[in-house]
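First up is the structure itself, then whatever we jot down about it.
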Protein chains: 2
Amino acid sequence: MSSSAREAILAAAKRTAQAHGYGGLNFRDLAAEVGIKAASIHYHFPSKADLGAAVARRYWEDTAAALEAMLAETQDPLRCLHRYPDVFRKALENGNRMCLCSFMAAEHDDLPDAVKREVQAFADVNVAWLSKVLSAAALAGSEESDRRARAIFAAIAGAQLLARSRSDLSLYDALIDSYRAAGLLPA
Amino acid sequence: MSSSAREAILAAAKRTAQAHGYGGLNFRDLAAEVGIKAASIHYHFPSKADLGAAVARRYWEDTAAALEAMLAETQDPLRCLHRYPDVFRKALENGNRMCLCSFMAAEHDDLPDAVKREVQAFADVNVAWLSKVLSAAALAGSEESDRRARAIFAAIAGAQLLARSRSDLSLYDALIDSYRAAGLLPA
DNA sequence: TTTTATCTACCTGCCACTTGGTAGGCAACT
DNA sequence: AGTTGCCTACCAAGTGGCAGGTAGATAAAA
(Lines give C-alpha, C1' and ligand atoms only; values in the text may rest on other atoms or scores of the structure.)
Protein backbone atom coordinates (compact mmCIF):
# COMPACT_ATOMS: atom_id res chain seq x y z
CA MET A 1 0.00 0.00 0.00
CA SER A 2 1.72 3.15 -1.10
CA SER A 3 -0.39 5.74 0.70
CA SER A 4 -1.76 3.82 3.68
CA ALA A 5 0.29 5.96 6.03
CA ARG A 6 -1.01 9.09 4.40
CA GLU A 7 -4.57 7.88 4.87
CA ALA A 8 -3.89 6.93 8.47
CA ILE A 9 -2.45 10.37 9.13
CA LEU A 10 -5.49 12.04 7.59
CA ALA A 11 -7.85 9.91 9.65
CA ALA A 12 -6.01 10.54 12.91
CA ALA A 13 -5.73 14.26 12.18
CA LYS A 14 -9.45 14.43 11.48
CA ARG A 15 -10.29 12.81 14.81
CA THR A 16 -7.91 15.08 16.68
CA ALA A 17 -9.05 18.25 14.96
CA GLN A 18 -12.68 17.45 15.69
CA ALA A 19 -11.85 17.48 19.40
CA HIS A 20 -9.02 20.01 19.65
CA GLY A 21 -9.13 22.08 16.49
CA TYR A 22 -6.38 23.06 14.09
CA GLY A 23 -4.31 24.41 16.95
CA GLY A 24 -4.59 21.09 18.72
CA LEU A 25 -2.92 19.26 15.86
CA ASN A 26 0.71 18.43 16.39
CA PHE A 27 3.12 16.19 14.55
CA ARG A 28 4.41 14.24 17.54
CA ASP A 29 1.08 13.03 18.89
CA LEU A 30 -0.21 12.37 15.40
CA ALA A 31 2.84 10.30 14.57
CA ALA A 32 2.51 8.29 17.77
CA GLU A 33 -1.11 7.52 16.99
CA VAL A 34 -0.27 6.37 13.47
CA GLY A 35 2.83 4.48 14.57
CA ILE A 36 5.50 6.41 12.68
CA LYS A 37 7.87 9.21 13.60
CA ALA A 38 6.97 12.87 13.58
CA ALA A 39 9.41 13.80 10.85
CA SER A 40 7.83 11.26 8.52
CA ILE A 41 4.61 13.20 8.46
CA HIS A 42 6.53 16.02 6.80
CA TYR A 43 7.17 13.65 3.93
CA HIS A 44 3.47 13.38 3.20
CA PHE A 45 2.51 16.89 4.28
CA PRO A 46 5.41 19.35 4.02
CA SER A 47 3.92 21.83 6.48
CA LYS A 48 1.21 21.91 9.09
CA ALA A 49 -0.79 24.14 6.77
CA ASP A 50 -0.68 21.46 4.07
CA LEU A 51 -1.89 18.87 6.54
CA GLY A 52 -4.68 21.08 7.81
CA ALA A 53 -5.86 21.92 4.32
CA ALA A 54 -5.78 18.27 3.27
CA VAL A 55 -7.79 17.22 6.31
CA ALA A 56 -10.40 19.90 5.81
CA ARG A 57 -10.65 19.14 2.12
CA ARG A 58 -11.13 15.43 2.73
CA TYR A 59 -13.72 16.32 5.34
CA TRP A 60 -15.98 18.26 3.01
CA GLU A 61 -15.42 15.80 0.19
CA ASP A 62 -16.60 12.95 2.40
CA THR A 63 -19.56 15.00 3.60
CA ALA A 64 -20.51 15.96 0.07
CA ALA A 65 -20.35 12.33 -1.02
CA ALA A 66 -22.45 11.18 1.95
CA LEU A 67 -25.10 13.82 1.30
CA GLU A 68 -25.32 12.98 -2.38
CA ALA A 69 -25.53 9.29 -1.56
CA MET A 70 -28.38 9.94 0.85
CA LEU A 71 -30.25 11.89 -1.78
CA ALA A 72 -29.67 9.28 -4.45
CA GLU A 73 -30.76 6.50 -2.14
CA THR A 74 -34.02 7.84 -0.74
CA GLN A 75 -35.09 9.96 -3.69
CA ASP A 76 -37.15 11.87 -1.16
CA PRO A 77 -36.09 15.48 -0.44
CA LEU A 78 -38.28 15.82 2.63
CA ARG A 79 -36.92 12.64 4.11
CA CYS A 80 -33.38 13.81 3.40
CA LEU A 81 -34.07 17.09 5.11
CA HIS A 82 -35.36 15.23 8.11
CA ARG A 83 -32.21 13.14 8.32
CA TYR A 84 -29.79 16.01 7.76
CA PRO A 85 -29.31 16.77 11.48
CA ASP A 86 -28.09 13.20 11.95
CA VAL A 87 -24.96 14.08 9.99
CA PHE A 88 -23.95 16.50 12.74
CA ARG A 89 -25.27 14.27 15.47
CA LYS A 90 -22.77 11.59 14.58
CA ALA A 91 -19.83 13.76 15.58
CA LEU A 92 -21.33 14.24 19.03
CA GLU A 93 -22.00 10.53 19.35
CA ASN A 94 -18.37 9.90 18.53
CA GLY A 95 -16.77 11.06 21.77
CA ASN A 96 -18.53 14.42 22.01
CA ARG A 97 -16.63 15.65 18.97
CA MET A 98 -17.83 18.42 16.72
CA CYS A 99 -17.78 19.38 13.09
CA LEU A 100 -14.20 19.94 12.11
CA CYS A 101 -15.10 23.00 10.09
CA SER A 102 -17.17 24.59 12.84
CA PHE A 103 -14.18 24.32 15.12
CA MET A 104 -11.93 25.76 12.45
CA ALA A 105 -14.44 28.53 11.82
CA ALA A 106 -13.84 29.64 15.39
CA GLU A 107 -10.10 29.48 14.80
CA HIS A 108 -10.52 31.54 11.63
CA ASP A 109 -7.94 34.19 12.60
CA ASP A 110 -5.20 31.64 13.12
CA LEU A 111 -5.75 29.54 10.00
CA PRO A 112 -3.46 29.55 6.96
CA ASP A 113 -5.32 30.77 3.89
CA ALA A 114 -5.33 27.35 2.27
CA VAL A 115 -7.13 25.92 5.30
CA LYS A 116 -9.60 28.78 5.42
CA ARG A 117 -10.59 28.06 1.84
CA GLU A 118 -11.40 24.43 2.60
CA VAL A 119 -13.39 25.41 5.67
CA GLN A 120 -15.51 27.73 3.56
CA ALA A 121 -15.94 24.99 0.99
CA PHE A 122 -17.51 22.80 3.66
CA ALA A 123 -20.13 25.42 4.39
CA ASP A 124 -20.70 25.95 0.68
CA VAL A 125 -21.24 22.23 0.11
CA ASN A 126 -23.77 21.98 2.92
CA VAL A 127 -25.68 25.11 1.98
CA ALA A 128 -25.80 24.11 -1.69
CA TRP A 129 -27.13 20.68 -0.83
CA LEU A 130 -29.71 22.04 1.59
CA SER A 131 -30.80 24.63 -0.91
CA LYS A 132 -31.24 22.01 -3.59
CA VAL A 133 -33.23 19.76 -1.28
CA LEU A 134 -35.41 22.62 -0.10
CA SER A 135 -36.20 23.56 -3.66
CA ALA A 136 -36.91 19.97 -4.60
CA ALA A 137 -39.27 19.64 -1.67
CA ALA A 138 -40.99 22.79 -2.89
CA LEU A 139 -40.56 24.30 0.56
CA ALA A 140 -39.08 27.48 -0.73
CA GLY A 141 -38.58 29.45 -3.89
CA SER A 142 -35.15 29.13 -5.40
CA GLU A 143 -34.09 32.50 -4.01
CA GLU A 144 -35.52 31.97 -0.58
CA SER A 145 -34.21 28.40 -0.41
CA ASP A 146 -30.66 29.68 -0.42
CA ARG A 147 -31.21 31.90 2.58
CA ARG A 148 -33.18 29.24 4.35
CA ALA A 149 -30.40 26.75 3.70
CA ARG A 150 -27.84 29.05 5.32
CA ALA A 151 -30.11 29.55 8.31
CA ILE A 152 -30.55 25.81 8.81
CA PHE A 153 -26.84 25.18 8.49
CA ALA A 154 -25.91 27.89 10.97
CA ALA A 155 -28.57 26.87 13.47
CA ILE A 156 -27.49 23.25 13.43
CA ALA A 157 -23.86 24.21 13.87
CA GLY A 158 -24.88 26.28 16.88
CA ALA A 159 -26.89 23.41 18.32
CA GLN A 160 -23.91 21.12 18.01
CA LEU A 161 -21.68 23.67 19.70
CA LEU A 162 -24.03 24.15 22.62
CA ALA A 163 -24.61 20.42 23.07
CA ARG A 164 -20.88 19.80 23.02
CA SER A 165 -20.25 22.40 25.70
CA ARG A 166 -22.56 20.39 27.95
CA SER A 167 -21.49 16.97 26.70
CA ASP A 168 -25.21 16.40 26.33
CA LEU A 169 -26.40 14.58 23.25
CA SER A 170 -30.02 14.83 24.29
CA LEU A 171 -29.69 18.61 24.30
CA TYR A 172 -28.83 18.42 20.62
CA ASP A 173 -31.95 16.40 19.93
CA ALA A 174 -34.03 18.84 21.94
CA LEU A 175 -32.65 21.77 19.97
CA ILE A 176 -33.42 20.11 16.65
CA ASP A 177 -36.95 19.46 17.92
CA SER A 178 -37.26 23.10 18.86
CA TYR A 179 -36.11 24.17 15.41
CA ARG A 180 -38.89 22.01 13.98
CA ALA A 181 -41.44 23.37 16.42
CA ALA A 182 -40.41 26.91 15.53
CA GLY A 183 -40.71 26.26 11.82
CA LEU A 184 -37.05 26.57 10.87
CA LEU A 185 -37.00 22.90 9.92
CA PRO A 186 -40.06 21.11 8.51
CA ALA A 187 -41.86 19.10 11.14
CA MET B 1 -4.87 52.09 41.66
CA SER B 2 -4.55 48.72 43.30
CA SER B 3 -6.17 46.53 40.68
CA SER B 4 -5.82 48.55 37.50
CA ALA B 5 -3.31 46.05 36.17
CA ARG B 6 -5.65 43.22 36.99
CA GLU B 7 -8.44 44.94 35.12
CA ALA B 8 -6.15 45.67 32.19
CA ILE B 9 -5.12 42.02 32.08
CA LEU B 10 -8.72 40.88 32.13
CA ALA B 11 -9.63 43.29 29.35
CA ALA B 12 -6.72 42.28 27.15
CA ALA B 13 -7.33 38.59 27.82
CA LYS B 14 -10.96 39.01 26.86
CA ARG B 15 -10.07 40.63 23.55
CA THR B 16 -7.50 37.97 22.79
CA ALA B 17 -9.71 35.05 23.76
CA GLN B 18 -12.52 36.38 21.59
CA ALA B 19 -10.21 36.10 18.59
CA HIS B 20 -7.96 33.15 19.47
CA GLY B 21 -9.71 31.22 22.20
CA TYR B 22 -8.42 29.95 25.52
CA GLY B 23 -5.58 28.18 23.76
CA GLY B 24 -4.58 31.42 22.14
CA LEU B 25 -4.05 33.10 25.48
CA ASN B 26 -0.43 33.36 26.54
CA PHE B 27 1.29 35.25 29.28
CA ARG B 28 3.97 36.91 27.18
CA ASP B 29 1.72 38.57 24.62
CA LEU B 30 -0.79 39.50 27.28
CA ALA B 31 1.89 41.13 29.39
CA ALA B 32 3.25 43.06 26.41
CA GLU B 33 -0.21 44.39 25.64
CA VAL B 34 -0.74 45.49 29.22
CA GLY B 35 2.76 46.87 29.58
CA ILE B 36 4.08 44.62 32.32
CA LYS B 37 6.18 41.45 32.39
CA ALA B 38 4.80 37.99 31.88
CA ALA B 39 5.72 36.75 35.31
CA SER B 40 3.78 39.59 36.88
CA ILE B 41 0.52 38.19 35.57
CA HIS B 42 1.07 35.20 37.82
CA TYR B 43 0.80 37.54 40.75
CA HIS B 44 -2.80 38.39 39.85
CA PHE B 45 -3.72 35.02 38.36
CA PRO B 46 -1.61 32.17 39.74
CA SER B 47 -2.28 29.85 36.83
CA LYS B 48 -3.63 30.09 33.30
CA ALA B 49 -6.72 28.24 34.48
CA ASP B 50 -7.36 30.97 37.05
CA LEU B 51 -7.01 33.63 34.40
CA GLY B 52 -9.30 31.81 31.98
CA ALA B 53 -11.96 31.29 34.61
CA ALA B 54 -11.78 34.91 35.71
CA VAL B 55 -12.11 36.15 32.15
CA ALA B 56 -15.06 33.91 31.39
CA ARG B 57 -16.73 34.82 34.64
CA ARG B 58 -16.33 38.53 34.03
CA TYR B 59 -17.67 37.98 30.54
CA TRP B 60 -20.97 36.49 31.60
CA GLU B 61 -21.30 38.93 34.49
CA ASP B 62 -20.99 41.84 32.08
CA THR B 63 -23.41 40.23 29.66
CA ALA B 64 -25.93 39.55 32.41
CA ALA B 65 -25.70 43.16 33.58
CA ALA B 66 -26.13 44.51 30.05
CA LEU B 67 -29.17 42.32 29.41
CA GLU B 68 -30.81 43.32 32.66
CA ALA B 69 -30.10 46.97 31.95
CA MET B 70 -31.70 46.67 28.54
CA LEU B 71 -34.79 45.11 30.04
CA ALA B 72 -35.01 47.69 32.80
CA GLU B 73 -34.58 50.52 30.36
CA THR B 74 -37.07 49.65 27.64
CA GLN B 75 -39.61 47.81 29.79
CA ASP B 76 -40.65 46.15 26.55
CA PRO B 77 -39.95 42.40 26.23
CA LEU B 78 -40.64 42.29 22.51
CA ARG B 79 -38.31 45.17 21.85
CA CYS B 80 -35.64 43.50 23.97
CA LEU B 81 -36.01 40.30 22.02
CA HIS B 82 -35.60 42.24 18.84
CA ARG B 83 -32.40 43.82 20.06
CA TYR B 84 -30.92 40.64 21.51
CA PRO B 85 -29.03 39.70 18.31
CA ASP B 86 -27.20 43.02 18.53
CA VAL B 87 -25.37 41.75 21.60
CA PHE B 88 -23.67 39.11 19.46
CA ARG B 89 -23.35 41.41 16.51
CA LYS B 90 -21.11 43.73 18.50
CA ALA B 91 -18.39 41.09 18.76
CA LEU B 92 -18.31 40.74 14.99
CA GLU B 93 -18.23 44.50 14.55
CA ASN B 94 -15.25 44.60 16.86
CA GLY B 95 -12.61 43.09 14.58
CA ASN B 96 -14.59 40.04 13.49
CA ARG B 97 -14.38 38.64 16.99
CA MET B 98 -16.82 36.16 18.42
CA CYS B 99 -18.47 35.32 21.70
CA LEU B 100 -15.76 34.26 24.09
CA CYS B 101 -17.89 31.44 25.41
CA SER B 102 -18.79 30.09 21.98
CA PHE B 103 -15.11 29.82 21.21
CA MET B 104 -14.47 28.16 24.52
CA ALA B 105 -17.38 25.81 23.95
CA ALA B 106 -15.50 24.50 20.94
CA GLU B 107 -12.39 24.12 23.08
CA HIS B 108 -14.42 22.25 25.68
CA ASP B 109 -12.10 19.21 25.83
CA ASP B 110 -9.06 21.31 26.61
CA LEU B 111 -10.56 23.56 29.25
CA PRO B 112 -9.82 23.30 32.97
CA ASP B 113 -12.97 22.48 34.91
CA ALA B 114 -13.17 25.91 36.49
CA VAL B 115 -13.26 27.50 33.05
CA LYS B 116 -15.85 25.04 31.78
CA ARG B 117 -18.15 26.02 34.62
CA GLU B 118 -18.00 29.72 33.74
CA VAL B 119 -18.61 28.95 30.07
CA GLN B 120 -21.75 27.06 30.98
CA ALA B 121 -22.82 29.89 33.23
CA PHE B 122 -22.75 32.23 30.23
CA ALA B 123 -25.16 30.01 28.35
CA ASP B 124 -27.35 29.72 31.45
CA VAL B 125 -27.52 33.46 31.86
CA ASN B 126 -28.51 34.01 28.25
CA VAL B 127 -31.08 31.24 28.18
CA ALA B 128 -32.61 32.36 31.46
CA TRP B 129 -32.92 35.93 30.24
CA LEU B 130 -34.39 34.89 26.91
CA SER B 131 -36.82 32.58 28.60
CA LYS B 132 -37.95 35.33 30.93
CA VAL B 133 -38.40 37.76 28.07
CA LEU B 134 -40.28 35.22 25.97
CA SER B 135 -42.65 34.52 28.81
CA ALA B 136 -43.14 38.21 29.48
CA ALA B 137 -43.94 38.80 25.84
CA ALA B 138 -46.48 35.99 26.12
CA LEU B 139 -44.83 34.35 23.12
CA ALA B 140 -44.55 30.98 24.80
CA GLY B 141 -45.75 29.06 27.82
CA SER B 142 -43.27 28.95 30.66
CA GLU B 143 -42.23 25.43 29.76
CA GLU B 144 -41.98 26.03 26.07
CA SER B 145 -40.22 29.35 26.56
CA ASP B 146 -37.23 27.56 28.05
CA ARG B 147 -36.79 25.34 25.05
CA ARG B 148 -37.38 28.21 22.68
CA ALA B 149 -34.80 30.27 24.54
CA ARG B 150 -32.20 27.56 24.08
CA ALA B 151 -33.01 27.30 20.39
CA ILE B 152 -32.62 31.03 19.88
CA PHE B 153 -29.35 31.13 21.79
CA ALA B 154 -27.89 28.21 19.84
CA ALA B 155 -29.04 29.53 16.49
CA ILE B 156 -27.55 32.95 17.11
CA ALA B 157 -24.27 31.44 18.22
CA GLY B 158 -24.22 29.44 15.00
CA ALA B 159 -24.96 32.53 12.93
CA GLN B 160 -22.10 34.36 14.57
CA LEU B 161 -19.76 31.45 13.91
CA LEU B 162 -20.68 31.23 10.25
CA ALA B 163 -20.46 34.98 9.72
CA ARG B 164 -17.06 35.05 11.37
CA SER B 165 -15.74 32.28 9.15
CA ARG B 166 -16.53 34.54 6.18
CA SER B 167 -15.60 37.81 7.89
CA ASP B 168 -18.99 38.93 6.67
CA LEU B 169 -21.08 41.01 9.01
CA SER B 170 -23.91 41.27 6.50
CA LEU B 171 -24.18 37.49 6.50
CA TYR B 172 -24.95 37.66 10.22
CA ASP B 173 -27.72 40.16 9.57
CA ALA B 174 -29.09 37.99 6.77
CA LEU B 175 -29.15 34.95 9.05
CA ILE B 176 -30.99 36.83 11.78
CA ASP B 177 -33.49 37.97 9.16
CA SER B 178 -33.93 34.38 8.04
CA TYR B 179 -34.54 33.28 11.61
CA ARG B 180 -37.29 35.86 11.80
CA ALA B 181 -38.74 34.83 8.46
CA ALA B 182 -38.73 31.21 9.57
CA GLY B 183 -40.48 32.02 12.83
CA LEU B 184 -37.67 31.20 15.24
CA LEU B 185 -37.47 34.83 16.24
CA PRO B 186 -40.52 37.14 16.28
CA ALA B 187 -40.70 39.26 13.17
C1' DT C 1 23.89 -10.19 -15.05
C1' DT C 2 25.94 -7.22 -12.56
C1' DT C 3 26.32 -2.36 -11.70
C1' DT C 4 24.69 2.14 -11.13
C1' DA C 5 21.20 5.43 -10.38
C1' DT C 6 16.87 6.93 -8.76
C1' DC C 7 12.76 6.99 -6.00
C1' DT C 8 9.87 6.00 -1.90
C1' DA C 9 9.03 6.03 2.74
C1' DC C 10 10.75 6.37 6.65
C1' DC C 11 14.38 7.24 10.31
C1' DT C 12 17.68 9.82 13.96
C1' DG C 13 19.12 13.94 15.66
C1' DC C 14 18.97 18.47 16.00
C1' DC C 15 17.49 23.48 15.98
C1' DA C 16 15.23 27.87 17.17
C1' DC C 17 11.45 29.15 19.40
C1' DT C 18 7.36 29.37 22.57
C1' DT C 19 4.92 27.63 26.38
C1' DG C 20 3.36 27.91 31.55
C1' DG C 21 5.54 28.32 35.67
C1' DT C 22 9.10 29.30 39.59
C1' DA C 23 12.62 31.67 42.64
C1' DG C 24 14.14 35.50 44.55
C1' DG C 25 14.77 40.43 44.79
C1' DC C 26 13.37 45.31 45.35
C1' DA C 27 11.08 49.59 46.00
C1' DA C 28 6.92 51.87 47.64
C1' DC C 29 3.20 52.16 50.67
C1' DT C 30 0.71 50.99 55.25
C1' DA D 1 8.05 45.45 59.80
C1' DG D 2 5.07 43.63 56.68
C1' DT D 3 2.37 43.73 52.58
C1' DT D 4 1.64 44.88 47.81
C1' DG D 5 2.95 44.94 43.12
C1' DC D 6 6.06 44.29 40.06
C1' DC D 7 10.67 43.02 38.42
C1' DT D 8 14.89 39.99 36.43
C1' DA D 9 16.35 35.66 35.42
C1' DC D 10 15.63 31.25 34.77
C1' DC D 11 13.71 26.42 33.66
C1' DA D 12 11.67 22.07 31.75
C1' DA D 13 8.67 20.74 28.41
C1' DG D 14 6.88 21.15 24.17
C1' DT D 15 6.43 23.26 19.28
C1' DG D 16 7.09 23.05 13.95
C1' DG D 17 10.52 22.26 10.95
C1' DC D 18 15.05 20.87 8.76
C1' DA D 19 19.42 18.25 7.42
C1' DG D 20 21.00 14.16 6.39
C1' DG D 21 20.98 9.18 6.40
C1' DT D 22 19.14 4.42 5.21
C1' DA D 23 16.63 0.14 3.73
C1' DG D 24 14.21 -1.52 0.01
C1' DA D 25 12.11 -1.40 -4.52
C1' DT D 26 12.52 -0.34 -9.49
C1' DA D 27 14.79 0.27 -13.58
C1' DA D 28 18.05 1.49 -16.89
C1' DA D 29 23.05 0.92 -18.45
C1' DA D 30 27.33 -1.84 -18.76
Side-chain angles (χ1 to χ4, degrees), chain A residues 1-17 19-56 58 100 103-104 107 109-116 118, chain B residues 1-17 19-58 100 103-104 107-116 118:
Chain A
M1 324 283 163
S2 71
S3 62
S4 82
R6 192 191 148 91
E7 290 303 311
I9 293 165
L10 281 175
K14 172 188 153 191
R15 281 192 300 271
T16 300
H20 307 285
Y22 177 77
L25 286 175
N26 78 81
F27 286 71
R28 300 233 194 326
D29 291 352
L30 224 47
E33 197 174 330
V34 173
I36 59 177
K37 297 295 167 178
S40 303
I41 299 182
H42 285 287
Y43 174 79
H44 301 281
F45 307 98
S47 73
K48 185 176 177 178
D50 293 318
L51 172 62
V55 171
R58 174 65 60 90
L100 188 152
F103 206 139
M104 288 186 171
E107 294 176 295
D109 288 3
D110 302 316
L111 295 181
D113 286 340
V115 180
K116 258 185 270 194
E118 305 300 337
Chain B
M1 327 278 160
S2 73
S3 61
S4 83
R6 192 190 149 94
E7 290 303 311
I9 294 165
L10 280 175
K14 172 188 154 192
R15 281 192 300 270
T16 300
H20 308 286
Y22 177 78
L25 285 176
N26 78 80
F27 287 72
R28 300 237 198 311
D29 292 351
L30 224 46
E33 199 174 330
V34 174
I36 59 176
K37 297 295 166 177
S40 304
I41 299 182
H42 287 286
Y43 173 79
H44 300 280
F45 308 98
S47 73
K48 183 176 177 177
D50 293 318
L51 172 62
V55 171
R57 173 170 215 115
R58 173 65 60 94
L100 189 153
F103 207 139
M104 288 186 172
E107 294 175 296
H108 177 266
D109 289 5
D110 302 315
L111 295 181
D113 287 338
V115 180
K116 258 185 269 193
E118 304 301 336

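Keep in mind the model is a prediction, meaning the values are calculated, not measured. Sequence lines set the chain letters: A, B, ... in the order given, protein chains first and strands last, and positions in each chain run from 1.
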**Study point:** Length of the CZ-P vector between A:Phe45 and C:dA9, whole Å
**Key:** 12 Å
Check your understanding: Distance only, no hydrogens: is a donor on one side chain within 3.5 Å (strictly under) of an acceptor on the other, for B:Asp110 and A:His20?
Key -> yes
Exercise for review: Would you mind classifying the nucleic acid contact of B:Leu30 as base, sugar-phosphate or nothing, using non-hydrogen atoms under 4.0 angstrom?
Suggested key: nothing
**Study point:** Contact under 4.0 Å: A:His42 side-chain N or O vs C:dA9 OP1/OP2
**Key:** no
Practice item. Would you indicate what A:Tyr43 reaches in the nucleic acid, counting non-hydrogen atoms under 4.0 angstrom: base, sugar-phosphate, or nothing? Key: base
**Study point:** Taking every non-hydrogen atom, the tightest pair across B:Ala13 and B:Leu25
**Key:** O-CD2, 3.5 Å
Review point. Are B:Glu118 and B:Arg58 within salt-bridge range, i.e. N to O under 4.0 Å?
Key: no
Review point. Which listed nucleotide (C:dC14, C:dC10, D:dC11) is nearest to the side chain of B:Arg28?
Key: D:dC11
Review point. Taking the nucleotide of DNA chain D with the closest heavy atom to each, which residue, A:Asp29 or A:Pro46, is nearer the 5' end?
Key: A:Asp29
Check your understanding: For the pair made of NZ in B:Lys48 and P in D:dG14, what is the distance, rounded to whole Å?
Key -> 15 Å
Revision key, fill the gap. Numerically ordered, the residues 31-40 of chain B set in heavy-atom contact under 4.0 Å with DNA chain D is B:Ile36, B:Lys37, B:Ala39, B:Ser40
Review point. In whole Å, what is the span from the CG atom of B:Asn26 to the P atom of D:dG14?
Key: 18 Å
Point to revise | Closest non-hydrogen atom pair between A:Phe45 and A:Phe27, with its separation | key: O-CE2, 4.3 Å
Point to revise | Separation of atom CD1 in A:Ile9 from atom P in D:dG16, rounded to whole Å | key: 14 Å
Check your understanding: So, is B:His44 near the phosphate of D:dT4, with a side-chain N or O under 4.0 Å from OP1 or OP2?
Key -> no
Exercise for review: Name the nucleic acid region contacted by A:Leu25, choosing base, sugar-phosphate or nothing; use a 4.0 angstrom heavy-atom cut-off, strictly under.
Suggested key: sugar-phosphate
Review point. Where is the tightest heavy-atom contact between B:Pro112 and B:Tyr22, given as atom of each residue plus distance?
Key: CG-OH, 3.5 Å
Exercise for review: Take the protein atom CZ of B:Phe27 and the nucleotide atom P of D:dC7, then report the distance between them rounded to whole Å.
Suggested key: 15 Å
Review point. Got a second to check how far A:Leu111's CG is from A:Met104's CE, nearest 0.5 Å?
Key: 6.5 Å
Check your understanding: Which pair of non-hydrogen atoms, one from B:Thr16 and one from B:Gly24, has the smallest distance, and what is that distance?
Key -> CG2-O, 3.9 Å
